[in-house]
Amino acid sequence: MPDASGRLPVVFDRVAAFRVACDRVRRGGGTLGLVPTMGALHEGHLALVREAKRRASTVAVTIFVNPTQFGPNEDLARYPRDLAGDRAACARVGVDLLFAPSEEEMYPRDERTRVTVAHLTEALCGVSRPHHFTGVATVVTKLFAVAGPAIALFGRKDYQQLQVVRRMTRDLLLPVEIVGCPTVREADGLALSSRNSYLTSEERQRAVAIPRGLGRAARAFSSGERHAGRLVRMVEDQLSGARLRPDYVTIADADELSPFAGDATLPERAVLAVAAYAGSTRLIDNLVFSEDPPPRDD
Ligand code: AMP
């Protein structure tokens with residue numbers, strides 16, 4: 001849905017100037033909708049922008065490939081970067097402000113501070129990415145400190161990140177309202193991700209086993225299955241049938257993210273989360289039973 005003007009948003013690369021622009025929005029009686037991203041924007045990001053436009057008078061997108069949330073052997077160097085393309089995409093959906101700072105701007109020389117959220121970061125992706133969420137919590141705290149009072153929108157695609165950001169914002173008394181938005185999927189169910197661009201066409205076809213497994217488990221849950229291990233196995237069987245290597249398939253408490261044991265009987269609300277490799281590309285997905293619609297299964 002292109003906006004009326006399609007005007008390119010103003011790009012800020014300095015903290016001080018972006019802060020002034022955000023302050024000006026509020027001083028003029030407006031409200032700020034903030035959409036933090038790492039760029040390579042796709043329809044999932046743009047859905048957050050559209051929701052931000054419904055909820056706030058001015059929308060700011062931030063684009064920053066945050067080095068502290070990548071592990072030493074992860075894809076920081078090859079992460080897709082396309083500021084000109086992202087700016088054009090932002091114009092099409094009516095973004096007002098674009099903040100694209102440098103690494104030096106976000107991490108001043110001799111910086112020593114990290115924000116760590118306990119417990120919520122230990123299970124699921126925290127097992128294989130032990131420093132990831134400290135990087136996320138640190139950079140999001142910095143972005144909130146620059147933007148000031150705002151509504152900030154995050155995707156449920158990164159469910160653990162959403163819970164970590166919610167808790168951090170509450171614990172640190174930050175003046176930001178967190179809004180979680182539904183996962184945007186391709187027609188065959190695969191969740192949109194900037195990392196999908198790494199997939200070969202053959203890997204892309206196999207990757208559909210992730211949403212298919214989630215869908216099977218969700219339908220079984222709807223039909224009354226409450227045995228955690230059996231629901232996990234439905235996803236694992238899909239992954240192995242497609243030769244996707246699981247990092248984890250876990251059912252956890254939807255708020256605290258504490259995993260359920262295999263023989264647990266599940267409550268009405270729980271999150272089923274998956275990370276799996278298609279070739280060397282790590283993909284994540286999830287759904288909350290009784291809350292998220294199952295991805296389509298064709
Ligand atoms: P990223 O650029 O991957 O760090 O993502 C920036 C924001 O977009 C995060 O809040 C993500 O959860 C959200 N996001 C990424 N992919 C999707 C998707 N397929 N559907 C909804 N939100 C998404």
Side-chain angles (χ1 to χ4, degrees), residues 33-55 59-71 74-76 78-83 85-87 89-90 93 95 98-101 106 124-125 129 132-133 135-144 147 150-169 176-199 204 207-208 210-211 214 271 273-275 281-288 291-293 295-296:
L34 190 68
V35 180
T37 80
M38 297 205 299
L41 300 181
H42 52 62
E43 274 302 314
H45 299 115
L46 302 184
L48 300 182
V49 170
R50 292 191 186 99
E51 185 59 28
K53 286 184 72 70
R54 281 190 281 275
R55 291 172 179 259
V59 174
V61 166
T62 72
I63 295 181
F64 181 62
V65 182
N66 174 36
T68 63
Q69 71 189 68
F70 288 77
E74 294 180 356
D75 55 341
L76 174 62
R78 69 165 181 152
Y79 197 85
R81 290 165 168 85
D82 176 17
L83 184 56
D86 287 346
R87 194 174 177 215
C90 284
V93 290
V95 171
L98 192 50
F99 180 46
M106 290 304 283
L124 309 178
C125 288
R129 307 187 77 192
H132 172 69
F133 290 109
V136 169
T138 301
V139 81
V140 173
T141 301
K142 287 171 186 255
L143 291 171
F144 287 180
I151 298 168
L153 297 96
F154 292 85
R156 288 169 70 91
K157 150 85 167 43
D158 300 275
Y159 187 82
Q160 189 171 17
Q161 167 174 283
L162 172 61
Q163 298 308 318
V164 167
V165 168
R166 272 192 202 290
R167 191 64 64 92
M168 170 204 99
T169 304
V176 178
E177 181 193 333
I178 308 299
V179 175
C181 299
T183 300
V184 178
R185 300 177 179 282
E186 302 276 9
D188 66 1
L190 184 69
L192 298 191
S193 164
S194 306
R195 290 190 167 99
N196 292 352
S197 65
Y198 300 153
L199 300 172
R204 168 65 187 81
V208 75
I210 297 172
L214 291 177
V271 61
V274 182
T281 302
R282 187 174 176 280
L283 300 172
I284 60 170
D285 203 344
N286 72 84
L287 63 78
V288 178
E291 219 171 86
D292 291 321
R296 54 168 296 170

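Both ligands and their constituent atoms are indexed starting at 1 by order of listing. Below, each value reflects all heavy atoms present in this structure, side chains not excepted, and no hydrogens, waters or symmetry copies.
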Query raised in the report: Going by an N to O cut-off under 4.0 Å, is there a salt bridge joining R282 and D75?
Result: no
Report task. Would you please name every residue forming a ring pair (Phe, Tyr, Trp, His ring centres under 6.0 Å) with F133, sequence neighbours left out? Result -> none
Report task. With sequence neighbours excluded, tell me which residues meet side chain to side chain donor-acceptor pair (under 3.5 Å) with R167. Result -> E256
Report task. Could you tell me which residues satisfy side chain to side chain donor-acceptor pair (under 3.5 Å) with E43, sequence neighbours excluded, listed by chain and number? Result -> R50
Query raised in the report: How long is the span from the CG atom in L287 to the CG atom in L214, to the nearest 0.5 Å?
Result: 5.0 Å
Requested in this report: Working to the nearest 0.5 Å, report the span between OG1 of T37 and NE2 of H42.
Outcome: 9.0 Å
Contact table ligand 1 N or O to protein N or O, d under 3.5 Å:
| unit_1 | atom_1 | unit_2 | atom_2 | d |
| --- | --- | --- | --- | --- |
| ligand 1 | 2 (O) | M38 | N | 2.9 |
| ligand 1 | 2 (O) | H45 | NE2 | 2.9 |
| ligand 1 | 5 (O) | H45 | NE2 | 3.4 |
| ligand 1 | 10 (O) | G155 | N | 2.9 |
| ligand 1 | 12 (O) | G155 | N | 3.2 |
| ligand 1 | 12 (O) | G155 | O | 3.2 |
| ligand 1 | 12 (O) | D158 | OD2 | 2.6 |
| ligand 1 | 16 (N) | L192 | O | 3.4 |
| ligand 1 | 19 (N) | V184 | O | 2.9 |
| ligand 1 | 19 (N) | L192 | N | 3.4 |
| ligand 1 | 19 (N) | L192 | O | 2.8 |
| ligand 1 | 20 (N) | V184 | N | 2.8 |

